[in-house]
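Proteins get letters first, then strands, A, B, ... in listed order; numbering begins at 1 in each.
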Amino acid sequence: MDFKAMEGKWQKAWWKAGINDAEVDTSKPKYYLIFAYPGVSGPQHVGHMRGYTYSDVITRYKRMKGFSVLFPAGFHATGIAPVAYAKKIRDGDKQTIDYMKKNGVPEDAIGSFKDYKKFLSYWYKAYENDYWRRFGFLIDYRRLTSTLGAGYQKFIQWQFRKLNEANLLIQKDNYSAFCPNDGPIAVDASETDIKCGGKAEKLEFTLLKFKMGDEFVVAATLRPETVYGQTNMWVRPDIDYVRARVGKETWVISRECADNLKYQDRDIEVLGTVKGEELVGKKCLAPGVEREIPILPSSFPDPAVGTGLVTSVPSDAPFDYIALEDLKRTNPELVKGIELIPIIKSRGYGDFPAKEICEQMNIRSQNEAEKLEEATKEIYKVGFHTGRMITGPYEGKRVVEAKDLVRDDLIRDGKADSMWSFSEPVVCRCGEHVVIKKFNDQWFIKYSDRELTDKAKDYAEGMDIVPEGYKEEMPGVLDWFEDRPCARQGSWLGTKFPLDDGWIVEPISDSTLYPMYYIVSLYENNGAIKPEEMTDEFFNYVYLGIGKPKRPEWERVRKDFEYWYPLDVNLGGKEHKTVHFPVFLMNHVAVLPGVLWPRGLFVHWWVTGTAGKISKSKGGAEPIPQAIKRYSVDAMRTYYCHVAQSSVDVAWDPDLVFTYKEALRRNYLLAESLLEAPDARSPVDEWVKYNFNQRLEKATLALDDYDMRTAADEIVYGISRDLQWYKRRGGGNRKLVKALVGKWIRMWAPFAPHMAEEAWHALLKEKGLVSVAEWPSLFDSEADASVNSGEDLVQRILGDIRDIEKIRGAKAKKVMVYVAAPWKWLALGHVRNANGNFGDAMKNASSDPKLSDHKKLLSTLIKRLNSKMNWYRDKKEVDEFVVLNSATHFLSEELDAKVELFHEDKPGEDPGHKAGAALPLYPGIHVA
RNA sequence: GCGGGGGUGCCGGAGCUCGGAAAACGGGCAGGGCUUAGGACCCUGUGACUUAGUGUCUACGCGUGUUCGAAUCACGUCCCCCGCACCA
């Protein structure tokens, strides 16, 4: 089977027929689904295809169920990623370039990426043509849109004016990264604006003021509650600090700290420098404990973090503990008399967690910075969450509470202050140290708004949210979600913030209402509506029905919108659970009337590499064009749907994908061979119809519930199994087979659409496209579960005979089967009625006149039946003789032996005395 | 700590809503067949013991309880994963 040829052939047919173009059709119900559009950031890998595949499978199914489907897509280009890539190419970043090459990007294209616009247009095309179309996604490509498009930006501005009308835009203080030369900049992993420090976190430090004569030596800490364990202070002897006037006080701090404070609204003036070594050996008064402690030399404090001075709590801070140990070796005189002070009791640790973990991790010196970081994190986490104070005024209190209490006390008493600082040095591209600046006019969307939150929570309760667990989380997420900065200053790509010059709408806030825009983008893309025309008047009319249409086209858009809205499902990866989905929901609630709010959310988990999430840097991500070639699109699609539930991470496993390819091929060949079988009525026609119906029904219900896995399981494996058995049993009723295969192939279509089309045409000689065929309906069938009792009986007998063959160590030449006498079914009836109670069963059976001839056998029989009570519970009575009689031919072929069938009470011959052993559904068997 | 989700064969995982011979379905492994060079296909087996089958025992993290009957319900307990933010 040539998957590759099939893919090209049928995709072409789909595009030609335009079955992916969404059209308003008022005679049909509508279905509107989007996936969270991808951030445009270079090549995608096999992991990305999971969610897209779900989207396509769902919408293909809905289309076959008679819905008019809108399945659009777009590109999220705002933010900093495209600029970051352009920069990496300009810088000749080898890893990035190699990754592009490995994904088949031509060299000259890579070169052009120096211009972020070229980068974007290349990937718009690649996502569409190399990924989405190649996977056969029936996306309405006429509606493709980018968040940088002119019309889209008009739409975002309209959205923000709506938010403003709803009083949800506010300005307030915010601390964010700032370069004294270049202004606001981004500190993120892509390190677009900065030279180093992409991983830095923004943290609020407590500044502890240590009195030393008339001035204060100031140390920064994240753990004010540990002041009770202070033994000394650490200073870097090799650097220069500054003496600065802060308000009315004089502080000794690092130069970088002084800079930082300047930007945080402090009245500060640098007076002079202080050499670090001058401080060594001096004593200062530790705040909180009011004890004199020495200032000691160390190498780990960083002048760019906090104040460049660190208070030492060796009981609970691994860095401090190790630095002390170092000193003990090099300069024991300095540390004489310093003892660890127990301050906090945490789960799993004794009095001195820092000491314990250093010993555990075998950390020997301050130079092992990475391990020390890890140890610190661990101790911090455990201490914060499980620790209790065992000293000081808050003894007995949990650390999580004590932390704030201690800090507030110290600040109130003038012994401490606070400051924002990065967790590691951040240097701007210009070479300047990045500071954290206090802005007092940062724009926020007021997601904390009580009314908005409550409305969203109420509404979410009635939404279709998959999986159920996320639905449970949603109220918590909505409560927890606070005001969020929605605009930025600096080198970001995005829409101009309409209320304030110089601000750019940030990339989460411009991606909340966009399903609305796909209605308009169709007309923007075909030129019917120009971006200049997209005024507030336009949007108010088409979305809200306010005002009058200026042109007939507006009415057209309005009609479309009324037809397609609200959105049925927004589908996205689990990374969106705590940001995108809540803001998506809340923005809808904030600016639109309730009837337009989205009906459902679908969250799926990831495809991971063997070691964690597939990432570009670590490699291991299989490029998509290569994967398509190796596995075939249909196999990959089936793999995504079947390999695990959507709410579970799956590890990418190439061997497993191959097994799906083979399963598909097997099914195709099975369909083919069934159609070729000679026409014959078979004893299993009713059985196969009944079971097909069961599976069809189960798959249909599963798809209605967005459970692609169960559906794929029934379709790819379940039906396949039944049909194999049907074939093995001699099934070949031409008319029935054609109907079976016809229905089955239609069920393939959402999952393996190319193979389905191929089979639809090549095997069934159908004319139209199966992708737009009707989803199959159930067979008319009178059969009930008793057909399975019969077929189970045949399978069980076959198995039992095989067991016996094995035990006797010889193949059967002749098999005699004895079907239980009718009166044994009567006895079974009594056992059932007694529901497991042997005495009752026995009593009723022995008083049954119809059983009076068999009194002496009753006791053993009832005992045996009773022990199988649970098994018999839901078994239907079948005429075993009729069933087996129709299967003797089959059995003798399977076993290559003569098979004879008898009634227990008319055994004919019974050399093994097996007739009497027969029970209902357990015939006696003699093998010769 | 808070919130959410979990602990079932060699592995991935069904089953839990609504209690009724646990292990569906896939994978792996083993034996056989069939052909052969296809990542094929078809049988059969895969907790232990036992046996001319329709038998016994052990098993759903651990412990209790409710029940004729518990992976499923209840209580307790241990462990694991994810999120805890301004990052898309």
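Between A:E904 and A:K824 there is a salt bridge, since at least one side-chain N of the basic residue sits less than 4.0 Å from a carboxylate O of the acidic one.
Counting non-hydrogen atoms under 4.0 angstrom, A:H76 reaches the backbone sugars and phosphates but no base. Within 4.0 Å of A:P923, counting heavy atoms only, lies at least one base atom of the nucleic acid. At a threshold of 4.0 angstrom between heavy atoms, the contacts of A:G924 include nucleobase atoms, whether or not backbone atoms are also involved. Residue contacts shown for A:K577 are absent, as no nucleic acid heavy atom lies under 4.0 Å away. A:R488 comes within 4.0 angstrom of the backbone, heavy atoms only, and of no base. Here A:G469 lies in heavy-atom contact (under 4.0 Å) with sugar-phosphate atoms only. If you check every strand for non-hydrogen atoms under 4.0 Å, A:I925 touches a base. Among the heavy atoms of the strands, none lies under 4.0 Å from A:E805. Here A:V648 lies in heavy-atom contact (under 4.0 Å) with sugar-phosphate atoms only. As judged by a 4.0 angstrom heavy-atom cut-off over every strand, A:W443 is placed among residues making no nucleic acid contact. Among the heavy atoms of the strands lying under 4.0 Å from A:P485 is at least one base atom, whether or not backbone atoms are also near. In this structure, A:D655 reaches the bases: a heavy-atom distance under 4.0 Å links it to at least one base atom across the strands shown. If you check every strand for non-hydrogen atoms under 4.0 Å, A:V927 touches a base. Residue contacts for A:E714: at a heavy-atom cut-off of 4.0 Å it reaches no nucleic acid atom on any strand shown.
Each of B:G83, B:A85, B:A52 was ranked by its minimum atom distance to the side chain of A:T578; first place goes to B:G83. Taking only side-chain atoms of A:W492, from C-beta outward, the nucleotide of B:C43, B:A88, B:G39 with the closest atom is B:A88. In this structure, of B:U54, B:C43, B:A88, it is B:U54 that holds the atom nearest to the side chain of A:R864.
For the C1' atom pair drawn from B:G12 and B:G6, the interatomic distance equals 15 Å after rounding to whole Å. For the C1' atom pair drawn from B:U66 and B:C73, the interatomic distance equals 8 Å after rounding to whole Å. Atom P of B:G38 sits at a distance of 50 Å from the matching atom of B:G5, rounded to the whole Å. On the C1' atoms, B:U35 is 32 Å away from B:A24, given to the nearest whole Å. Remark: the separation of the C1' atoms in B:A88 and B:G19 is 46 Å, to the nearest Å. Rounded to whole Å, the C1' atom of B:U56 lies 48 Å from the corresponding atom of B:G3. Between B:G39 and B:G27, the two C1' atoms lie 14 Å apart (nearest whole Å). B:C78 and B:C62 have their C1' atoms separated by 7 Å, with the value rounded to a whole Å.
Of the nucleotides present, B:G28 is the one that pairs with B:U46 by Watson-Crick or G-U wobble criteria, both distances under 3.5 Å. Pairing partner, B:G65: B:C73, with both Watson-Crick or wobble hydrogen-bond distances short of 3.5 Å. With a 3.5 Å ceiling on both atom-pair distances, B:A21 lacks any Watson-Crick or G-U wobble partner. Here B:G1 sits opposite B:C84 as a Watson-Crick or G-U wobble pair (both hydrogen-bonding atom distances under 3.5 Å). Across the strands present, B:A59 finds no partner; the criterion is a Watson-Crick or G-U wobble pair with both atom distances under 3.5 angstrom.
Ring pair A:F497/A:W443 is tilted by interplanar angle, where 30° to 60° counts as tilted. In this pair, A:H76 and A:Y37 present their aromatic rings parallel. The plane angle is below 30°, not in the 30 to 60° band. Ring orientation note: the planes of A:W871 and A:Y922 are tilted relative to one another, at an angle of 30° to 60°. Relative ring orientation between A:H580 and A:H576 is described as perpendicular, the plane-to-plane angle rising above 60° on a 0-90° scale split at 30° and 60°. Using bins of under 30°, 30° to 60° and over 60° for the plane-to-plane angle, the ring pair A:F178/A:F439 lands in the perpendicular bin.
At least one side-chain heavy atom of A:V399 sits less than 4.5 Å from a side-chain heavy atom of A:M389. Residues A:L163 and A:N587 are in side-chain contact: their nearest non-hydrogen atoms beyond the backbone lie under 4.5 Å apart.
A cation-pi arrangement is not found for A:K403 relative to A:F384, the charged atom failing to lie both closer than 6.0 Å to the ring centre and inside a 45° cone about the ring normal.
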Report task. Report, as a single string ordered 5' to 3', how protein heavy atoms within less than 4.0 Å touch nucleotides 17-29 of chain B: B base, S sugar-phosphate only, - not at all. Result -> ---BB--BSSS--
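B:G9 takes the syn form, because its glycosidic angle lies no more than 90° either side of 0.
Heavy-atom distances to RNA chain B give each of A:I80 and A:L919 a nearest nucleotide, and the one nearer the 5′ end belongs to A:L919. Each of A:E468 and A:K202 has a nearest nucleotide on RNA chain B; the 5'-most of these lies closest to A:E468.
With no hydrogens or angles considered, a side-chain donor-acceptor pair links A:D510 and A:T78 at under 3.5 Å.
Note on A:Q645: a side-chain N or O is less than 4.0 Å away from OP1 or OP2 of B:A14.
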